[in-house]
Amino acid sequence: MTALLLSKSVSKEEKRMASTKAFQKVQNLVISELEKTAPNRMRHISDVSIGFSTDNAKGITNPAFKVGPSAMQHAIYASCDSVGVKRPYWANDRKQFSRFDISPSVVQAVQDSIAAGKDPSTVADTYMSFDSETGQLVFKAVPKGTKDALVTGLAVPSWNIGYMQKIFKQPYYKSFAKNLVSVEGFGNQWADVVGVFKETFEGNARTNAAQSTFEANASDPISNKSGLIVSNIFNIAVDYEIGNEEQARSGNAGDFLTGQLIADRPKYADMVINRLQDVIRYFGVPEADVIGLTGVNAITDYSGDSFASIMAGNSTTKGAEIIQALYAIIGDFLQGMSYMPTEVKINCSTTVFRALTTTLYSDSFNPASPISIISENMIGGVSPAIDGVKQCKYSITADAMLDADSPYNTVAAGDDLFIITAPSIGSALEDQTGLVISPEPMSRFIVPPMYQRSGYLYTMYTRMGGLITPIKAAVKVYKGIGVQG
């Protein structure tokens, strides 16, 4: 289990005590990036926790995920991650309830007024506000005549300001690791391990020496046997708060903003979980024996010219060179699977996608982009019905998480990543789907809120496992196709 306490008053020592090494690296990586880009939003996230339900070393239930036996049948009894853990909103942290702020210009005006024998109240007014970050009432001295201003020092009365009922929200790029895998659930949402059966065959047909008899001179009867592939299931939980004061304020007539801010909180918590899941699906957690796409097989170093160098060069056939390189990459992948895949999915860096979509096949003769030509010409597999060549389904998606400078790309050391998977194949016995499985017994579950004096604490909960890849050749990862460090 790994728990990260995001409340600012929690010490670094307490954070380390609440974490275990297995999931600490991936969790801190994601949360630190989100805290950099959205510190105000992350203030409302009380906890983000990743870990196994059972501490394998001690053989006991992990206290950070209090899912008792009754929760197996009645999920409503699953308690939130914060129970029994010290939180600043449960205890008086002995902060001063109020503070007084005054700008140097106002101080100077008050001093001049006193020096001239005048009443200081003729040059300054007091203005009170609430600092939600520190929990203090703030008394400010402002120049006379600006007390009714929306912003301190702005001499525009509040009744002269109108608002558009529209909110521009901070954008976040999406990650698409989920596109490369088959997300599958199963019956037991509270299982700690998931298993997938596999079947292998042995034996051959008999060969007769004589043409007119059934006498066999070779016997190798058919037999088959089953095996099992297993993966551990771990938990991801995010806590977020909704305060009593803002809940009451959202019901005021004309207040569209507060209700929207409250509604966006679970959306943001869901995004945090999605981001964590995609980082794990891409890179896994080796310390916890959780396999990601980059850990199924060894990463292949791309030996050709990077697409960035091709785009920066002087060639007049940049698109043709890029297509030739991509044909070779995909061709090697398909041939390695005997051209059995019926669908191929590719996630690439934004540099590779730019090269595929914005370069010209030929500056002089053909303005088509590489991706338009690839989508028309790429083929793969043989149709058993008509015994002829058939089109193989392809998808190519740009994901900034695979960029060379992505904070999440910790396996390529300055190179970007290019990941190919074959989620389905055509087989002589029967077609197979779901060759790259991401087990997810519980997609999303919001624990019933816990009330405390300042409002409600909610926990959003999901459970997933490491990748299950019965055919390892269905995954191939390159580094350095777009950018070489």
Side-chain angles (χ1 to χ4, degrees), residues 25-26 29-30 32-33 172-183 274-287 290-312 322-323 325-334 336-337 341 343-359 370-371 374 394-423 435-436 438 466-467 469 472-485:
K25 181 179 177 181
V26 63
L29 182 66
V30 174
S32 63
E33 285 303 310
Y172 294 89
Y173 70 80
K174 292 182 178 180
S175 52
F176 298 97
K178 195 173 183 178
N179 290 1
L180 300 179
V181 302
S182 173
V183 179
N274 282 330
R275 186 65 55 88
L276 282 165
Q277 286 182 303
D278 277 354
V279 171
I280 293 170
R281 286 173 180 139
Y282 274 139
F283 306 107
V285 186
E287 299 86 351
V290 175
I291 297 175
L293 289 166
T294 57
V296 175
N297 299 301
I299 299 176
T300 302
D301 282 304
Y302 181 63
S303 57
D305 293 334
S306 70
F307 287 7
S309 65
I310 293 175
M311 288 190 291
I322 290 170
I323 290 174
L326 197 64
Y327 278 177
I329 293 167
I330 298 177
D332 287 345
F333 175 74
L334 291 173
M337 295 192 70
E343 185 177 11
V344 171
K345 293 188 175 183
I346 300 171
N347 280 15
C348 63
S349 68
T350 56
T351 302
V352 170
F353 200 77
R354 177 186 174 185
L356 293 174
T357 55
T358 61
T359 56
I371 200 166
I374 291 169
Y394 289 87
S395 68
I396 302 178
T397 305
D399 193 337
M401 195 175 282
L402 303 179
D403 284 356
D405 59 353
S406 167
Y408 306 110
N409 178 7
T410 59
V411 299
D415 296 341
D416 67 338
L417 294 172
F418 185 95
I419 304 178
I420 315 174
T421 65
L435 300 187
V436 186
S438 176
L467 296 185
T469 52
K472 292 188 179 297
V475 178
K476 191 162 188 179
V477 181
Y478 285 88
K479 69 175 183 177
I481 292 179
V483 176
Q484 295 174 358

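Evaluation of the side-chain hydrogen bond (donor to acceptor under 3.5 Å, both in side chains) rule for Thr469 yields no partner, not counting sequence neighbours. Residues meeting the salt bridge (Lys or Arg N to Asp or Glu O under 4.0 Å) test with Asp278, sequence neighbours left out: Arg281. Taking the side-chain contact (heavy atoms from CB on, under 4.5 Å) definition, one finds that Ser395 meets it with Lys345, sequence neighbours left out. Looking at residues two or more places apart in sequence or on another chain, you find no side-chain hydrogen bond (donor to acceptor under 3.5 Å, both in side chains) involving Asp415. Judged as a side-chain contact (heavy atoms from CB on, under 4.5 Å), and not counting sequence neighbours, the contacts of Ala400 are Tyr173, Thr350, Asp403. Scored by the side-chain hydrogen bond (donor to acceptor under 3.5 Å, both in side chains) test, Thr397 finds no partners at all (sequence neighbours excluded). For Tyr478, the side-chain hydrogen bond (donor to acceptor under 3.5 Å, both in side chains) partners at least two apart in sequence or on another chain are Lys476. The side-chain contact (heavy atoms from CB on, under 4.5 Å) search around Ala355 returns Phe307, Met311, Ile322, not counting sequence neighbours. Among residues two or more places apart in sequence or in another chain, the side-chain contact (heavy atoms from CB on, under 4.5 Å) test is passed with Thr358 by Arg354.
With Pro370 as reference, Thr359 is the one residue of Thr357, Thr359, Leu326 to meet the side-chain contact (heavy atoms from CB on, under 4.5 Å) rule. Tested against Asn347 for a side-chain contact (heavy atoms from CB on, under 4.5 Å), the candidates Phe353, Phe418, Tyr282 yield a single pass: Tyr282.
The CD1 atom of Ile329 sits 3.5 Å away from atom CD1 of Ile481, with the distance rounded to the nearest 0.5 Å. To the nearest 0.5 angstrom, Leu356 atom CG is 11.0 Å from Thr351 atom OG1. The CG atom of Asp399 sits 13.5 Å away from atom CD1 of Ile346, with the distance rounded to the nearest 0.5 Å. Separation of atoms CD1 (Ile396) and CD1 (Ile330) is listed at 5.5 Å; rounding is to 0.5 Å. Rounded to the nearest 0.5 Å, atoms CD1 (Ile299) and CD1 (Ile419) are 8.0 Å apart.
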Practice item. Apply side-chain contact (heavy atoms from CB on, under 4.5 Å) to Val436 and Leu293, showing your working. Key: CA-CA 9 Å; Val436 186; Leu293 289 166; 4.0 Å; yes
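Scanning both residues, Ser306 and Gly482, for their nearest heavy atoms gives CB-O, 3.5 Å. Counting all heavy atoms, side chain and backbone alike, Ala474 lies closest to Met337 at CA-SD, 3.7 Å. Summarising the geometry of Tyr302 relative to Ala325, their closest heavy-atom pair is OH-CB, 3.3 Å, with the distance given to 0.1 Å. Closest of all the heavy-atom pairs between Leu417 and Asn409 is CD1-OD1, 3.5 Å.
For the salt bridge (charged side-chain N to carboxylate O under 4.0 Å, His left out) condition, the pairs that include at least one residue of residues 292-310, sequence neighbours left out, are Asp301-Lys479.
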